Every structure is written in C-alpha cells, then in structure tokens.
Amino acid sequence: MIEDILPPGVTSSEAFDDAAPAPLFPAEAALMAGRRARRRRQFATARACARRCLADLGRRPVALLPGPGGAPRWPSGVVGSITHCEGYRAAVAAPASAVAALGIDAEPAGPLPRGVLALIASEAERAHLAALAAAAPSVPWDRVFFSAKEAAYKAWYPATGIWLGFRDATLTLSPAGGFTATLHPPLPPPVDPVYEGRWLAGPELVLTAVARGAGGPERAPQPEMISVGAPS
Ligand SMILES: CC(C)(COP(=O)(O)OP(=O)(O)OC[C@H]1O[C@@H](n2cnc3c(N)ncnc32)[C@H](O)[C@@H]1OP(=O)(O)O)[C@@H](O)C(=O)NCCC(=O)NCCS
C-alpha cells in the first residue's frame with residue numbers, strides 16, 4: 001500500500017501482522033526488555049521492514065535505535081521513517097544523496113476520537129476539513145489530517161531536533177491525494193518548513209508519506225492538486 005504514495009527512489013516494506021519479526025540486535029533487545037509483548041512484537045516487525053529497506057539499498061542489517069526525540073537512527077547515508085498501528089507496520093528508506101527527508105504515518109481508518117480535532121486543528125483548518133467532508137463524505141478527513149501532520153513531523157524532526165505541536169503546523173489536503181504542511185517553528189527554521197506529501201485512505205487504514213528530494217527546497221510535483229476550502 002505505502003508504495004502507492006512514495007516517489008521513485010524511495011524503497012518500502014510493510015507488514016499486516018507480526019508473523020515475521022526481525023531477530024533483534026542486542027542493543028535493540030535491551031531497549032525492549034521489560035516492554036509489553038505487543039510493543040516488542042510491533043518493534044521487531046517494524047525492524048524487519050526497515051532491514052528489508054536497507055537490503056534493497058544494498059546496505060547490511062544494523063541495529064536501528066532511537067536517537068533524541070525517538071527518531072530512529074539510520075545508518076550514515078540513509079534517510080528513513082517507521083510507522084506502526086493496529087494491523088500495520090511499515091518502513092521506508094532512501095539514499096541521503098537522493099532524498100533529504102522522509103516521514104510516514106499509519107492510522108486506523110475512521111474518525112478521530114471526539115474532541116481531538118479541536119486540539120490539533122485551527123478554526124481555518126476545521127473549515128477546510130468541513131468543506132472536504134461535504135465534497136467527499138466517505139473519506140475520514142480528520143484522520144488523514146492527523147496522520148499527515150505526524151508524517152510531516154517525522155520528516156522535520158530528524159533534520160532539526162525541534163519538537164512541534166499539532167497547532168504549529170498548517171495543513172492543506174487535496175482530494176486528489178496530496179497535502180501541504182507548513183510548519184511554524186518558534187525560531188527561523190534551519191530547513192524549508194513547507195513539506196509536500198501524499199495520503200491514501202483504504203477501508204482499514206489511512207497512510208501518509210512526506211518525501212523531500214535532496215539538493216534544495218524541492219517539493220514533489222503535484223499537478224493534479226485541487227484545493228477545497230484551503231485554510232488561508
Ligand atoms: C513521534 C510521533 C509523530 C510518532 O507517531 P505515532 O503515531 O505515535 O506512532 P507511529 O507508530 O506512527 O510512529 C512511531 C515511530 O516513529 C518514529 N519516531 C518516533 N519519534 C520520532 C521523531 N521525533 N521523529 C521522527 N520519527 C520518530 C520511530 O521510529 C517510532 O517507532 P519505533 O519507536 O518503533 O522506532 C508522535 O508520537 C508525536 O510525538 N507527535 C507529536 C508531534 C507532532 O506530530 N506534531 C505535528 C505537527 S508538526
């Protein structure tokens with residue numbers, strides 16, 4: 001599924017259960033010691049996905065440990081991202097020479113719990129989502145919105161080390177499957193704070209992905225983007 005929303009040059013691997021977890025490196029196993037079984041299984045399956053991505057890139061398997069802020073530390077010369085939710089685990093990776101930033105997120109399809117949208121969306125963003133929902137009521141727009149902000153954050157954080165809350169980003173979703181997240185860090189940002197991504201909503205899952213090419217503030221071309229009630 002996730003490959004449908006990735007640009008060329010980004011490799012991916014996904015799993016829908018924990019039937020094939022990776023054997024963990026000692027440092028990974030130590031990290032998971034004492035954690036709940038569900039978290040250990042999720043972690044090991046996502047590591048299996050990540051190591052398949054590394055193999056695709058011709059890289060040997062290594063331990064993927066969290067760095068500051070929880071972002072996984074990929075081997076030098078590789079950028080990547082990991083996500084997991086109920087019934088889904090995935091990793092994506094690319095050579096850092098080609099891709100500067102990657103962020104993916106998976107969420108169960110369906111509306112967000114009551115009250116969450118008010119915490120994560122501005123008034124303008126809520127109006128934007130209402131317009132989208134009026135035009136395409138079958139899409140769980142608030143879930144796509146939440147996921148897209150998380151994907152943008154995962155692309156942003158490893159490059160900057162700056163934590164941002166959901167209200168520190170303005171998101172515009174396109175019914176055609178694209179989105180733009182404009183981040184508002186407290187200080188002038190060290191990297192271009194505008195991220196382009198893609199989203200996909202299936203019957204069970206919502207997936208989002210952000211990828212930025214290396215070598216400049218390139219944004220993925222999305223000629224088919226149509227804005228519906230975009231926040232100004
Ligand atoms: C970090 C966060 C985005 C993770 O998302 P999530 O839906 O809870 O969990 P997911 O399963 O999709 O992703 C978890 C994986 O993300 C990765 N991750 C964790 N922190 C990360 C960070 N700071 N940067 C990049 N990747 C990160 C890890 O690989 C983790 O899996 P692992 O612990 O098994 O290695 C979320 O918990 C969070 O803190 N959000 C608040 C910040 C935010 O999203 N702001 C939005 C506005 S920009």
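Source: prediction; values computed, not measured. Counting begins at 1 with the first residue of the sequence. Atoms within each ligand, like the ligands themselves, are counted from 1 in listed order.
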Peer 1: Considering only heavy atoms, which of Met32, Arg167, Arg39 lies nearest to atom 33 (O) of ligand 1?
Peer 2: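 Nearest heavy atom to atom 33 (O) of ligand 1 lies in Arg39.
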
Peer 1: Could you list all the ring pair (Phe, Tyr, Trp, His ring centres under 6.0 Å) pairs where at least one residue sits in residues 35-76, not counting sequence neighbours?
Peer 2: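 As it turns out, there is no ring pair (Phe, Tyr, Trp, His ring centres under 6.0 Å) pair with a partner in residues 35-76 once direct neighbours are skipped.
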
Peer 1: Using a strict threshold of under 4.0 Å (side-chain N to carboxylate O), is an ion pair present between Glu125 and Lys149?
Peer 2: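 Looking at Glu125 together with Lys149, the answer is yes, because their closest N to O distance falls below 4.0 Å.
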
Peer 1: Test salt bridge (Lys or Arg N to Asp or Glu O under 4.0 Å) on Arg52 and Glu14; report intermediate values, then the result.
Peer 2: CA-CA 9 Å; Arg52 279 193 288 272; Glu14 63 192 356; over 6 Å; no

Peer 1: How far is atom 42 (C) of ligand 1 from its nearest protein heavy atom, and which residue and atom name does that atom have?
Peer 2: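 Its nearest protein heavy-atom neighbour is Leu164 O, 3.3 Å.
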
Peer 1: Does Asp4 pair with Arg198 as a salt bridge, N-O distance under 4.0 Å?
Peer 2: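 The answer is no: the pair does not qualify as a salt bridge.
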
Peer 1: Can you confirm, on distance only, whether ligand 1 has an N/O atom lying under 3.5 Å from any N/O atom belonging to Trp163?
Peer 2: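 N/O-N/O distance below 3.5 Å does not exist for this pair.
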
Peer 1: Quick one: nearest non-hydrogen protein atom to atom 19 (C) of ligand 1, plus distance?
Peer 2: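 Result: Gly70 O, 3.1 Å.
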
Peer 1: Could you tell me which atoms of ligand 1, counted from 1 in the order shown, lie closer than 4.0 angstrom to a heavy atom of Phe43?
Peer 2: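 Here the atoms of ligand 1 in question are 34 (O).
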
Peer 1: Where is the nearest protein heavy atom to atom 31 (O) of ligand 1: which residue, which atom, and how far?
Peer 2: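 Of the protein heavy atoms, His84 NE2, 3.2 Å lies nearest.
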
Peer 1: Could you find the nearest protein heavy atom to atom 17 (C) of ligand 1 and give me its residue, atom name and distance?
Peer 2: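 That would be Pro72 CD, 3.8 Å.
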
Peer 1: Compute the shortest N/O to N/O distance between Pro158 and ligand 1 and return yes if it is under 3.5 Å, no if not.
Peer 2: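 The answer is no, given that Pro158 and ligand 1 share no N or O pair closer than 3.5 Å.
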
Peer 1: Could Arg51 and Glu28 be called an ion pair, given the rule that one side-chain N must be under 4.0 Å from one carboxylate O?
Peer 2: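 Yes.
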
Peer 1: List every atom of ligand 1 that sits less than 4.0 Å from any heavy atom of Arg47, numbering the atoms from 1 in the order shown and giving each element.
Peer 2: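 Under 4.0 Å from Arg47, ligand 1 has these atoms: 32 (P), 34 (O), 35 (O).
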
Peer 1: Under 3.5 Å, N or O to N or O, is Lys154 touching ligand 1 that way?
Peer 2: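 Yes.
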
Peer 1: Ring centres under 6.0 Å, that's the criterion: do Phe166 and Phe146 meet it?
Peer 2: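 Phe166 vs Phe146: aromatic centres under 6.0 Å.
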
Peer 1: Under 3.5 Å, is there a donor-acceptor pair between the side chain of Arg143 and the main chain of Pro108?
Peer 2: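 Such a contact is found between Arg143 side chain and Pro108 backbone.
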
Peer 1: For the pair His84 and Thr45, evaluate side chain to side chain donor-acceptor pair (under 3.5 Å) and give the outcome as yes or no after the intermediate values.
Peer 2: CA-CA 9 Å; His84 22 62; Thr45 303; over 6 Å; no

Peer 1: Per the side-chain contact (heavy atoms from CB on, under 4.5 Å) rule, which among Leu200, Asp105, Thr83 passes with Thr208?
Peer 2: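 Going through Leu200, Asp105, Thr83 one by one, the side-chain contact (heavy atoms from CB on, under 4.5 Å) with Thr208 is satisfied by Asp105 alone.
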
Peer 1: Identify which of Phe166, Tyr195, Tyr157, Phe146 has a heavy atom lying nearest to atom 44 (O) of ligand 1.
Peer 2: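 Selected option, by shortest heavy-atom distance: Phe166.
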
Peer 1: Considering only heavy atoms, which of Ala169, Ala181, Gly69 lies nearest to atom 23 (N) of ligand 1?
Peer 2: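 That would be Gly69.
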
Peer 1: When you measure from atom 3 (C) of ligand 1 to each heavy atom in Trp74, Tyr88, Tyr153, which option holds the nearest one?
Peer 2: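 Going through Trp74, Tyr88, Tyr153 one by one, Tyr153 has the nearest heavy atom to atom 3 (C) of ligand 1.
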
